[in-house]
Novice: 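Just dropping this structure here.
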Amino acid sequence: MELLMQQPFYKRLNLGDWLFALFIAVVTGYTFSLYGSRMDIYEDLILLGSGAGIVALGWFWGSWRWFFPLAGAMSLLAIQLYDHNLARAGESFGLKYLLSSQSSFMWMCTLFFLATAVYWAGLLSRSALLNRIASGLTWAASAFALAGLFTRWYESYLIAPDVGRIPVSNLYEVFILFCLITALMYLYYEAKFAARQLGAFVLLVISAAVGFILWYTFDRQAHTIQPLIPALQSWWMKIHVPANFVGYGAFALSAMLGVAQLLARRGILTDKLPKAEVIDEMMYKAISVGFLFFTIATILGAMWAADAWGGYWSWDPKETWALIVWLNYAAWLHVRLVKGWRGEPLAWWAVIGLLVTTFAFIGVNMFLSGLHSYGSL
């Protein structure tokens, strides 16, 4: 293994790696042939960057090679069933009960709830079988989430070409994105650290988000696709929002790992959970990735603000709280890497950090007004 890691990166790639890269290149090229005439140079670059990113992720994480094509195939089947007619959402059995965006999201919600219950059953009974089933349910829920987002993107264009947009523009859509990203990040770390027992904790925060989605759907009818307001009609949204939610998902994941570590250190479920050192390392990895993407998102947000409002920073409440979140996790990483902190203090810090992040994500929209008031409940 050590000899393999010393080889140049391209020599470590196998036939499967190159075939996946070829597949994504063909899909990217076909997408460009269909929609290139309607895209500007920035959108061209986003498409190319997305294709390269998908390839890189597939090379880094083997499970992505089957997961992404599966979600894409589910969405393509939905598109075929629509046959350019949005009314078929209520006529086609496959769309009405399975593959329309709203049906996919309801399946996502159901499967995440089931996965949470099965993870807890597996943890309390120490059943490896139940933990594997829960992991499979989480993968299935994630597939429906990603396929549903792809399909919703297509549905928005069926309503009208000027309504069509990437589905990351309101709280309903970004909560689904949050569930998807948090679940996928957890599934990666679950496999890397052989720590399926921790799904019982991580799925709790996802289930809480699912509860919000269901309330927002049935009480506020937020699932309906609405045209973008002028402030969001920008290609910046396509890169700023996903980067932001990699950060949010990672911070939520780290907080739930912090809860598990605090319980283990107090003798609660200690014999059923991985060692505290393993949980601590997972928490550190998650916050490191989240901090990187949140930094990128903050820079992109400043550039978007300069493009839209003429200034990089205006101390708007959303911007101010984004800075607070950034400083919070920068300090967390500093005391771990420079001061050598470990264990319970950092676990508490990660848990409290989720409260800070949640206020920046939702609380600002609910209680404060500013340039980002279009994100209110």
Side-chain angles (χ1 to χ4, degrees), residues 61-64 66-68 70-71 74 97-99 102-149 175-215 217-218 248-264 266-276 278-279 282-283 285-286 351 354:
W61 184 22
S63 297
W64 183 255
W66 64 260
F67 174 78
F68 182 78
L70 173 62
M74 292 167 64
Y97 297 105
L98 194 64
L99 292 175
Q102 190 56 21
S103 296
S104 292
F105 296 149
M106 290 302 100
W107 276 109
M108 176 204 76
C109 293
T110 302
L111 290 166
F112 273 138
F113 277 142
L114 285 173
T116 305
V118 178
Y119 266 126
W120 273 101
L123 173 66
L124 296 176
S125 66
R126 299 184 187 179
S127 171
L129 175 60
L130 287 177
N131 283 333
R132 286 197 299 273
I133 293 172
S135 184
L137 290 170
T138 305
W139 275 113
S142 300
F144 273 108
L146 183 55
L149 288 172
F175 257 88
I176 292 165
L177 182 65
F178 169 81
C179 292
L180 171 64
I181 289 175
T182 307
L184 288 177
M185 290 189 71
Y186 165 70
L187 287 167
Y188 170 76
Y189 288 120
E190 175 188 85
K192 181 178 177 63
F193 289 91
R196 282 197 175 118
Q197 306 95 316
L198 295 171
F201 293 90
V202 177
L203 267 289
L204 286 177
V205 75
I206 295 176
S207 289
V210 165
F212 176 86
I213 291 169
L214 293 175
W215 168 79
T217 297
F218 296 110
Y248 285 148
F251 299 151
L253 169 62
S254 68
M256 301 314 294
L257 295 176
V259 171
Q261 185 175 152
L262 290 170
L263 291 176
R266 282 163 172 71
I268 302 173
L269 301 175
T270 304
D271 58 338
K272 296 180 173 64
L273 291 171
K275 293 181 179 180
V278 173
I279 302 176
M282 289 178 67
M283 187 166 56
K285 297 289 188 184
V351 173
L354 179 60

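Being a predicted model, the structure only gives us computed values, none of them experimental.
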Novice: So Leu187 and Phe67, do their side chains get closer than 4.5 Å, heavy atoms only?
Specialist: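 Answer no - side chains too far apart.
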
Novice: Starting from the C-alpha separation in whole Å, work towards a yes-or-no answer on side chain to side chain contact (heavy atoms under 4.5 Å, CB included) for Phe105 and Ile176.
Specialist: CA-CA 8 Å; Phe105 296 149; Ile176 292 165; 3.5 Å; yes

Novice: Measuring from atom CG of Leu257 to atom OH of Tyr186, what distance do you get when rounded to the nearest 0.5 angstrom?
Specialist: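 One finds 8.5 Å between CG of Leu257 and OH of Tyr186.
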
Novice: Let me confirm one number: the CE-CG distance from Met74 to Leu98, rounded to the nearest 0.5 Å.
Specialist: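 Atom-to-atom, Met74:CE and Leu98:CG are 6.5 Å apart.
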
Novice: Using side chain to side chain contact (heavy atoms under 4.5 Å, CB included), reason through Tyr189 and Leu253 one step at a time and then give a plain yes or no.
Specialist: CA-CA 10 Å; Tyr189 288 120; Leu253 169 62; 3.7 Å; yes

Novice: Check Ala252 against Phe178 and note the closest heavy-atom contact, atom names and distance.
Specialist: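 Residues Ala252 and Phe178, closest heavy atoms: CB-CZ, 3.6 Å.
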
Novice: Indicate, with yes or no, if the rings of Phe112 and Trp107 have centres closer together than 6.0 Å.
Specialist: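 That pair fails the under 6.0 Å test.
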
Novice: Looking only at non-hydrogen atoms, find the nearest pair between Phe113 and Gly211 and report the distance.
Specialist: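 So the minimum-distance heavy-atom pair works out to CZ-N, 4.2 Å.
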
Novice: Given the rule in the side chain to side chain contact (heavy atoms under 4.5 Å, CB included) test, do Ile213 and Cys109 qualify, once you have shown the distances and angles that lead to the verdict?
Specialist: CA-CA 8 Å; Ile213 291 169; Cys109 293; 4.2 Å; yes

Novice: Check the pair Phe201, Trp120 against ring pair (Phe, Tyr, Trp, His ring centres under 6.0 Å), reporting the backbone distance first and the verdict last.
Specialist: CA-CA 8 Å; Phe201 293 90; Trp120 273 101; 5.2 Å; yes

Novice: Taking the inter-plane angle between the rings of Trp61 and Trp64 on a 0 to 90° scale, is it parallel (under 30°), tilted (30 to 60°) or perpendicular (over 60°)?
Specialist: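 If you compare the ring of Trp61 with that of Trp64, the planes turn out parallel.
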
Novice: What heavy-atom pair brings Ser254 and Ala286 nearest, and what distance separates the two atoms?
Specialist: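 Here Ser254 and Ala286 meet closest at CB-CB, 4.3 Å.
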
Novice: List the atom of Val351, the atom of Gly258, and the distance in Å for their closest heavy-atom pair.
Specialist: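 Closest heavy-atom pair between Val351 and Gly258: CG2-C, 4.0 Å.
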
Novice: Return the CG to CG distance between Leu198 and Leu123, rounded to the nearest 0.5 Å.
Specialist: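 Here the interatomic distance stands at 8.5 Å.
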
Novice: Please report the interatomic distance CD1(Ile279) to CE(Met256), rounded to the nearest 0.5 Å.
Specialist: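 It is 12.0 Å, given to the nearest 0.5 Å.
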
Novice: Can you see which heavy atom on Phe144 is nearest to which on Met108, and at what distance?
Specialist: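 Smallest heavy-atom distance, with atoms named: CB-N, 4.1 Å.
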
Novice: How far apart are the C-alpha atoms of Met106 and Leu214, what are their side-chain angles, what is the distance that settles it, and do they pass the side chain to side chain contact (heavy atoms under 4.5 Å, CB included) test?
Specialist: CA-CA 8 Å; Met106 290 302 100; Leu214 293 175; 3.8 Å; yes

Novice: Tell me the closest heavy-atom pair linking Leu111 and Ala141, and the distance in Å.
Specialist: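 Closest approach of Leu111 to Ala141, heavy atoms only: CB-CB, 3.6 Å.
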
Novice: Within this structure, what is the CG-OG distance for the pair Leu184 and Ser63, rounded to the nearest 0.5 Å?
Specialist: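 Leu184 CG to Ser63 OG: 10.0 Å, rounded to 0.5 Å.
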
Novice: Give a yes or no on whether the backbone of Ala264 and the side-chain of Thr270 come within a donor-acceptor separation of less than 3.5 Å.
Specialist: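 Looks like yes, one N/O pair under 3.5 Å.
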
Novice: Roughly how far, to the nearest 0.5 Å, is the CG atom of Leu130 from the CZ atom of Arg196?
Specialist: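 So the gap between those two atoms works out to 11.5 Å.
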
